[in-house]
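Each remark here refers to the structure printed beneath this line.
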Amino acid sequence: MNYFGLGLRNVWRNRRRSIVTLLAVAFGFASIAIFAGYVHNVYDGLMRQAIQGELLGHLTINKRGLETMGRIKPEKYLFSKDDIARIEGIIKTDPHVRLITPRLALSGIISNGRASTIFVAEGVVPADVTAIKGDFQRRMAGDLDSKNPIGIAIGDGLAEILGLKKGDTAAMLVSTLTGQSNALDVEIADIFDTGNPQTRDKFVYMPISLAQSLYDVDGQADRLVVLLDETSETNAVRDVLAPKLAAAGFDVEIRTWDDISVFYRSVKGLFTMIFAFIFGIVIIVVMMSIVNAMSMTVVERTREIGALRAMGLRRGSVVRLFTTEAAVLVGLGCAIGLGLTLLVRLGVNHSGIQYVPPNSSNRVRLLVDVDAGKMLLAFAVICVLGAVSALLPARRAARQPIIDSLGHV
Amino acid sequence: MDIMELSSPLLLDLRGLKRRFLLGRTVVEALRGIDLQIRRGEFVAVWGPSGSGKSTLMNTIGLIDRPDEGQVLVDGKDVIGLSDNALTDYRARHVGFVFQSFNLVPVLSALENVLLPLEIRGEGGRAARERAIALLEEVGLGKFLRFRPDRLSGGQRQRVAIARALVGDPALVVADEPTANLDSENGRLVLELMLALNQRKGVTFVFTTHDPRLLSRVRRRIHLRDGVIARDESGAAAEGLLSEGGVSEAGADVEAVA
């Protein structure tokens, strides 16, 4: 028996009711798909912001305990020149690795000669910064010049506090590894927006050679940042590299960009919760709508069910008939919802609406992506739950004695 | 019952059938002990006033209801103890139904409605389609294959229902008041059609009716009253009975219903 064909025809039996149900499913699906598309865009933006904008790359390798004990005994947690060369040799063998670059973090006091304030700095290889940024447009890390060994990029908040402009000079004072004070003159090569109100008044990028001079270390680094060709390979590459490095005698931690980016994780956690909440509400509304429609359908067709049962249709087949019909109904609803989603997406993406996200100092465009994975999930869940919603009335109808069904008025 | 029918094997053997229903707090005894044998190829009318147990008997004969007491033997085998699925499958293979209100599926064409019992049995395909078309042509609806029920008259719908009942080549067709929703001319035509198919195909027909005029066309008439068989009349003798008061008695029963 062609359950699908019969279900498709029966959907149009009571057009008004079917249209109302279809619209409920379509709006439900569209709301899930549009929100999922927006969230996908936010995740994507935050991911690129973390990897390219904040220069986290995909993987960060450091000696185990750097984040905790490294502040007390930093000398124990630095990679030597030889360590760096050996680790690079191991990592480079992985075909997904595009770049390995050393980093050195330090903090201290920066002064314009009249006033001083604290800074937190990241020593980077200027040429590698350009490679990591790639096509990412937002300037969340300042531009450094490879030919200017004392050129630094400072957050716009810090520039404001000290009244510094591009080309000005300042003095930086830090404690060396041995606890001595070390001051160097630097030049303001760039002023940039960190994108984060909490860091824009203290963050500094500088050439790693300058950071090493200030720290008084020779070619050492506290981290190695690895850039891959595909973000989706991050965990896989980490899992491959970890045993290799351990086998080579390195007791290191390999952290992924999302391990490090607290902001990404907190936003993702929040959006995941909101998505689950919206998804749950929509599913409940859709299920109620299907239960209502199918209950009415089953009651209206009680005599038909009786006749089919008399003709030899098994109880299970009656249930299958109505669950297929419900699945057809929600399937069509989802298809309409998909069309609606694409229309809304087109409108939103061309509207140029901008907003300031939480914890950000930049306006960003409101954009909706196509999150095929979430759409497929929503489609599958709605279809399955729609069919399950029809189970109860269909089972009731199938279990009714045939003579009662045939006598139904 | 003629000699041929008497010599044909027994299809249905109902023994001591009793069926009770609970209506509110009242127990209604719809069947109070029915003993009835129907042979293959018979054309049987069951008649009597409303509440006499006609429909209950038809439901039991059609295996869509189980008696509280008694046996239903089909080809000598007691089918009452079968599981619901087994009984359902048995109906699919051996019993055709014609309902008073046709009960055609409105979203299906005449042809698709006729094909339905075969599809339920998992016998779709070209051969099934050709068989359904042939039957629709046989009941005079060859030009209405693609018509949905709402575009057919009452008589046409019942003819589709008859074709649907016969398409699976059943041993028995059960028709509960097949002419009740039709005018007298269409009622007569439907009965003639059932008679013709009974004679051509040898299919056993058991049907109920209120209409005394139709009874004169039937060889065997079973008169039910208060859940028991008041009279089981066959052949010319029965016709005689009808002409000598049987019809008037039938008329009185019908009037009592009206």
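Throughout, protein chains are lettered first and strands after them, A, B, ... in sequence-line order, and every chain is numbered starting at 1.
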Taking every non-hydrogen atom, the tightest pair across A:Arg9 and B:Ser109: NH1-N, 4.4 Å
Proximity breakdown for B:Leu108 and chain A, heavy-atom pairs closer than 4.5 Å: both
Interchain contact, A:Arg309 with chain B, by part (heavy-atom threshold 4.5 Å): both
Gap separating the CG atom of B:Asp65 from the CD1 atom of A:Ile402, nearest 0.5 angstrom: 9.0 Å
Among B:Gly96, B:Gly62, B:Pro106, residue most engaged with chain A (heavy-atom pairs, under 4.5 Å): B:Pro106
For B:Phe97 against A:Ala310, the heavy-atom pair lying closest together: CE1-O, 3.1 Å
Residues, nucleotides or ligands: over 12 heavy atoms within 6.0 Å of B:Arg129 CZ: no
Side chain to side chain, B:Val105 and A:Glu304, heavy atoms closer than 4.5 Å: yes
Salt-bridge present (B:Asp84, A:Arg314; N to O < 4.0 Å): no
Leading residue by heavy atom contact count with chain A [cutoff under 4.5 Å; candidates B:Ser101, B:Gly168, B:Pro117]: B:Ser101
Choice from B:Glu119, B:Arg93, B:Glu123, B:Arg121 maximising heavy atom contacts with chain A below 4.5 Å: B:Glu119
Contacting region of B:Gln100 [heavy-atom separation from chain A under 4.5 Å]: neither
Proximal component of B:Phe102, with respect to chain A [non-hydrogen, under 4.5 Å]: neither
Other residues, nucleotides, ligands: >12 heavy atoms within 6.0 Å of A:Leu270 CG: yes
Straight-line distance of B:Glu112 CD to A:Asn2 CG, nearest 0.5 Å: 9.5 Å
Value rounded to 0.5 Å, distance of CD1 in A:Ile403 from CG in B:Asn59: 5.5 Å
Atom group of B:Arg164 that falls short of 4.5 Å from chain A, counting heavy atoms: side chain
Region of A:Leu406 in contact with chain B, defined by heavy-atom distances below 4.5 Å: side chain
Rounded distance (nearest 0.5 Å) linking atom CG of B:Leu116 with atom CG of A:Leu6: 7.5 Å
Sidechain-backbone polar pair: B:Arg91 side chain, A:Gly312 backbone, donor-acceptor under 3.5 Å: no
